[in-house]
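Here is the structure we will look at, set down as structure tokens.
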Amino acid sequence: MPPADDNLLGTYLKDRRAKLDPASFGFPLTRRRTPGLRREEVAQRANVSATWYTWLEQGRGGAPSADVLDRISRAMMLTDVEREHLFLLGLGRPPEVQYHAAEGVTPRLQRVLDALEFSPAFVKTPTWDVVAWNRAATVILTDYSKLPVGERNILRLIFCNPRVRAAQTDWENVARFVVAAFRADVARAGAAKSVQAMVDDLCRLSPEFETMWRNNDVRKHGDGVKILRHPVAGPIGMEYSAFAVDGRPDLGMVVYNPVTPADAERIRSLLASRP
């Protein structure tokens, strides 16, 4: 059994460095005894001392700062996952959140949604914009395809869309939950500045939202039971569960499953009646 490696950060840095192509970074390929970039080349790109970087790989450099790790991750062009792993090894925590607006979903993720034939499901961003959905969601929840892109936001629908509001059997509790979970998601994603304009707009349009927002409550989305008042089928009970999308911290998936066989039959009948 190989001996344990106590210098996990140094080992990881050496491994990443060895996998980099010098030519793609503009360095000459001549007179190289080992693959990848040299230590001094990484140090040059990261704007740190070559001696200190060497000590870091050897486990003698002391604890690096977050700024240095960030510069090294950029110097090595690490992916988001690799950068997070670097911070976990170097500091014992992930890097501070850097919010990036979602860029839509992959065809594969859309196929996952579509496979949930009788379970309404959608994918949302940390700012609660709905960016993908399945057919069951359009029939039971909201037909997002008929809404302008800027209005496919769950908070806007809950507070500003009379049809969505009427579908909630306990609108006030639902609204409080949505605001609290939204606040937690936005803070976790570092997206407070990105949503400020929408928050200001909702405060202007809805005194109820303004009151709930000023309460500063936070909650996790998690799972639970929701009863919707459908205009055709009547009350439909559904269990909802929220899932993270692996590799896409900017996205989350919410799936609704019917609570009882009668609820499942209502959903099937509604889907069958819609072309």
Side-chain angles (χ1 to χ4, degrees), residues 79-81 99-158 160-161 163-169 174 177-178 181-182 184-186 188-189 191 198 220-275:
T79 66
D80 287 344
V81 174
Y99 175 67
H100 302 286
E103 299 177 353
V105 303
T106 62
R108 178 175 296 177
L109 183 54
Q110 183 63 57
R111 288 193 291 271
V112 171
L113 292 174
D114 294 338
L116 301 169
E117 186 177 3
F118 301 113
S119 296
F122 60 82
V123 172
K124 65 178 181 63
T125 69
T127 58
W128 287 49
D129 292 316
V130 177
V131 293
W133 54 89
N134 63 5
R135 183 168 176 264
T138 67
V139 174
I140 307 302
L141 303 176
T142 299
D143 191 347
Y144 303 101
S145 65
K146 293 184 178 179
L147 298 173
V149 173
E151 294 181 19
R152 295 172 188 170
N153 180 273
I154 295 172
L155 272 77
R156 289 192 180 277
L157 292 170
I158 287 291
C160 302
N161 188 302
R163 186 194 63 76
V164 173
R165 178 166 180 153
Q168 315 304 316
T169 55
V174 169
F177 167 81
V178 165
F182 168 80
D185 278 359
V186 165
R188 188 180 301 112
M198 184 182 74
K220 66 177 182 178
H221 196 284
D223 52 32
V225 176
K226 184 184 188 72
I227 299 177
L228 279 182
R229 189 184 295 114
H230 195 274
V232 176
I236 300 177
M238 293 180 291
E239 299 173 332
Y240 65 83
S241 299
F243 303 92
V245 178
D246 190 33
R248 290 293 302 271
D250 57 329
L251 298 178
M253 183 167 66
V254 182
V255 179
Y256 292 84
N257 287 312
V259 173
T260 68
D263 293 318
E265 185 54 39
R266 291 187 186 97
I267 293 175
R268 290 191 185 93
S269 297
L270 286 169
L271 287 168
S273 67
R274 294 280 292 270

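Computed from heavy atoms alone, side chains included, the values below leave out hydrogens, waters and symmetry copies.
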Strictly by salt bridge (Lys or Arg N to Asp or Glu O under 4.0 Å), give each pair with a member in residues 234-243 just once, sequence neighbours left out. none

Does the side chain of L147 come within less than 4.5 Å of L157's, by heavy atoms? yes

Walk me through it: do V254 and F243 pass the test side chain to side chain contact (heavy atoms under 4.5 Å, CB included)? CA-CA 6 Å; V254 182; F243 303 92; over 6 Å; no

Consider only side-chain N and O atoms of R248 and T106, and report whether a donor and an acceptor are under 3.5 Å apart. no

In terms of ring plane angle, is the pair F177 and Y240 parallel, tilted or perpendicular, where the classes change at 30° and 60°? tilted

Contacts of type side-chain contact (heavy atoms from CB on, under 4.5 Å), residue S145, not counting sequence neighbours: W133, D143

Give me the atom names and distance for the closest heavy-atom approach of N134 to S119. ND2-O, 2.9 Å

So do I227 and I236 actually touch side chain to side chain, heavy atoms under 4.5 Å? no

Nearest 0.5 Å please: distance from the CG atom of L228 over to the CE atom of M238. 4.0 Å

Would you say the side-chain atoms of D263 pair up with the backbone N or O of T260, donor to acceptor, closer than 3.5 Å? yes

Please tell me if the side chains of L270 and H230 come closer than 4.5 Å, counting only heavy atoms from C-beta onward. yes

So, do V130 and V123 sit near enough that their side-chain heavy atoms are less than 4.5 Å apart? no

Test applied, side chain to side chain contact (heavy atoms under 4.5 Å, CB included); reference residue, V164; option that passes from I154, L141, T142, V174: T142

Non-hydrogen atoms of L271 and A136 that approach each other most closely: CD2-CA, 3.9 Å

Are the side chains of R111 and L113 in contact, using a 4.5 Å heavy-atom criterion? no

Under the side chain to side chain contact (heavy atoms under 4.5 Å, CB included) rule, what do F182 and H221 come out as? Steps first, then yes or no, please. CA-CA 8 Å; F182 168 80; H221 196 284; over 6 Å; no

Please name the pair of heavy atoms, one in A121 and one in A137, separated by the smallest distance, quoted to 0.1 Å. O-CB, 3.6 Å

What one should report as the nearest heavy-atom pair of V186 and P126 is CG2-O, 3.7 Å

Is there a side-chain contact between K226 and Y256, using heavy atoms and a 4.5 Å cut-off? yes

Do Y144 and V131 come close enough that some side-chain heavy atom pair is under 4.5 Å? no

Any side-chain heavy-atom pair of M198 and N153 under 4.5 Å: yes

What pairs meet the salt bridge (Lys or Arg N to Asp or Glu O under 4.0 Å) rule with one or both residues in residues 112-126, with sequence neighbours excluded? K124-D185

Crowding at CZ, R163 (>12 non-hydrogen neighbours, <6.0 Å): yes

Apply the test side chain to side chain contact (heavy atoms under 4.5 Å, CB included) to residues M253 and L251: give CA-CA distance (whole Å), side-chain angles for both, the deciding distance (0.1 Å), then the verdict. CA-CA 7 Å; M253 183 167 66; L251 298 178; over 6 Å; no

Does the side chain to side chain contact (heavy atoms under 4.5 Å, CB included) test come out yes or no for T125 and D250, once each step is laid out? CA-CA 6 Å; T125 69; D250 57 329; over 6 Å; no

Could R268 and F118 be counted as a cation-pi pair, given that NZ or CZ must be under 6.0 Å from the ring centre and within 45° of the axis? yes

